[in-house]
Amino acid sequence: MQIGIDIGGSHIGVGIVNEQGKITTKKEINLCENFKEEINKEEKIRDMIISLIRDILKQIGAPKCVIQKIGIACPGTIQEGMAKDIYNLNIKSLSLKKELEEEFYTQVVIHNDAKCAGVAEKLYGSLQQYEDCVFLCLGTGIGGATFIGNQLLTPKINAGSEYGHMIIQKEGIPCQCGNKGCFEKYASMSAFKKGFIRYFNIGENSQAISSEAILQYLLENKNEKEIQNYIEQYIENLMLGIYNITRIMEPQAICLGGSFVYFHKILYTKLLEKLQEHKYKFRVPEIVLASLGNDAGIIGALYIE
Ligand SMILES: [Zn+2]
């Protein structure tokens, strides 16, 4: 039996994944909004994961020894089984591999979450038919995975495909990575939400207003000039990133995932429309939406080579 784990900015998901890449049993836990500020977060995350796995085993009435492999999709930079610089959770370094191996006596692998989700979309989701393609996870930040000739691009030094930190604005908005003007400061979904709150002057706290409320508002007022301007401004930035990625990697398709999918009604059609206007002179690849949702990280964590 294989168990996949996805550590997101707002929740942790754990699931049993069968040989066809389908999740058969899943358990999730939400990380509350102030989790970021808590102390001993690393220990708490480990405890939550261990108890979620125990719950799943209990539910199906199986002992620990049936687990053949545990795969973890985790944000941040993964080096030697450790996750480093998880900005979303305000964690410098998270060790899970050794602890879970000791607890469950099995092989544990850990990889970057966007790479895992990309692998899942490539094997079982929207990217199956493309040999050269890019997965972009538009969420709190922007993660990426690149496939050339059906192979995930895995450079030796770092994981690469860090499209979120591609600089699209000289001296632009400061980013947690230490640079300014990174793509994710303009085109991630948290940038979209923060910008929305600033643009319409509805308070300071972007956490306080839910995605549901924002989507509702946008849908109800989509014909208002101000809303259209705001969306166009966001799409312009997203398009700039897509242009750069396409000129460098020449993918047949780019798959957009993360919470962007939640806003697809308002953003996806507009993006396709704008790309057809050919403001930038380039061959526009197929732009597809991710189809596995929150399950992608859990599935991909087990199949990434
Ligand atoms: Zn950056």
Side-chain angles (χ1 to χ4, degrees), residues 6-10 31 35-37 41 73-80 82-94 110-118 134-146 152-199 204-207 211 230 233-249 251 254-261 263 267 271 280 290 296-297:
D6 185 33
I7 303 173
S10 57
L31 299 175
F35 181 78
K36 259 186 172 180
E37 315 308 330
K41 285 177 298 233
C74 186
T77 306
I78 315 297
Q79 277 168 346
E80 289 150 18
M82 297 271 287
K84 295 186 178 152
D85 299 326
I86 310 174
Y87 303 123
N88 299 349
L89 295 170
N90 199 13
I91 290 177
K92 265 243 136 305
S93 152
L94 175 64
I110 175 163
H111 292 280
N112 171 270
D113 55 351
K115 306 276 179 300
C116 294
V134 167
F135 173 74
L136 276 187
C137 184
L138 306 170
T140 318
I142 297 182
T146 309
L152 174 69
L153 210 62
T154 51
K156 290 205 171 40
I157 298 171
N158 278 316
S161 302
E162 287 289 359
Y163 298 117
H165 299 286
M166 168 171 71
I167 295 173
I168 62 161
Q169 177 96 55
K170 196 180 165 198
E171 297 300 322
I173 304 171
C175 179
Q176 297 93 319
C177 75
N179 291 312
K180 287 179 183 168
C182 292
F183 181 42
E184 69 177 33
K185 297 316 268 181
Y186 299 84
S188 66
M189 292 319 290
S190 52
F192 177 76
K193 286 195 251 174
K194 263 189 208 149
F196 172 84
I197 287 160
R198 217 175 28 240
Y199 197 85
E204 287 295 296
N205 189 359
S206 59
Q207 299 279 357
S211 297
Y230 178 69
Q233 203 178 304
Y234 169 81
I235 297 290
E236 277 287 324
N237 289 319
L238 178 55
M239 227 165 49
L240 189 52
I242 288 177
Y243 166 79
N244 287 336
I245 294 166
T246 306
R247 290 314 296 261
I248 296 167
M249 303 313 306
I254 295 179
C255 175
L256 304 176
S259 43
F260 180 88
V261 178
F263 286 91
L267 299 177
L271 171 68
Y280 299 106

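In each ligand, atom 1 is the first atom listed, and ligand 1 is the first ligand listed. Quick caveat, the model's predicted, so the values are computed rather than measured.
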Handout entry: Donor-acceptor contact present, side-chain Ser190 to main-chain Thr140, <3.5 Å
Key = yes
Practice task
Mark yes or no for whether Tyr186, through its side chain, and Tyr234, through its backbone, hold a donor-acceptor pair below 3.5 Å.
Solution key: no
Enumerate, atom names and distances included, each donor-acceptor pair closer than 3.5 Å involving a side-chain atom of residues 170-183, sequence neighbours excluded.
unit_1: Glu171; atom_1: OE1; unit_2: Lys180; atom_2: NZ; d: 3.4
unit_1: Gln176; atom_1: OE1; unit_2: Lys185; atom_2: NZ; d: 3.3

Problem - Heavy-atom donor-acceptor pair, Asn112 side chain to Gly76 backbone, under 3.5 Å - result: yes
Exercise for the section: Around the Zn ion (ligand 1), list the protein N/O/S atoms within a radius below 2.8 Å, excluding water molecules. Expected result: His165 ND1, Cys175 SG, Cys177 SG, Cys182 SG
Problem - Side-chain donor/acceptor of Lys84 to backbone N/O of Ile78, under 3.5 Å - result: no
Exercise for the section: Quick one: sort the Tyr230 and Tyr199 rings into parallel, tilted or perpendicular, breaks at 30° and 60°. Expected result: tilted
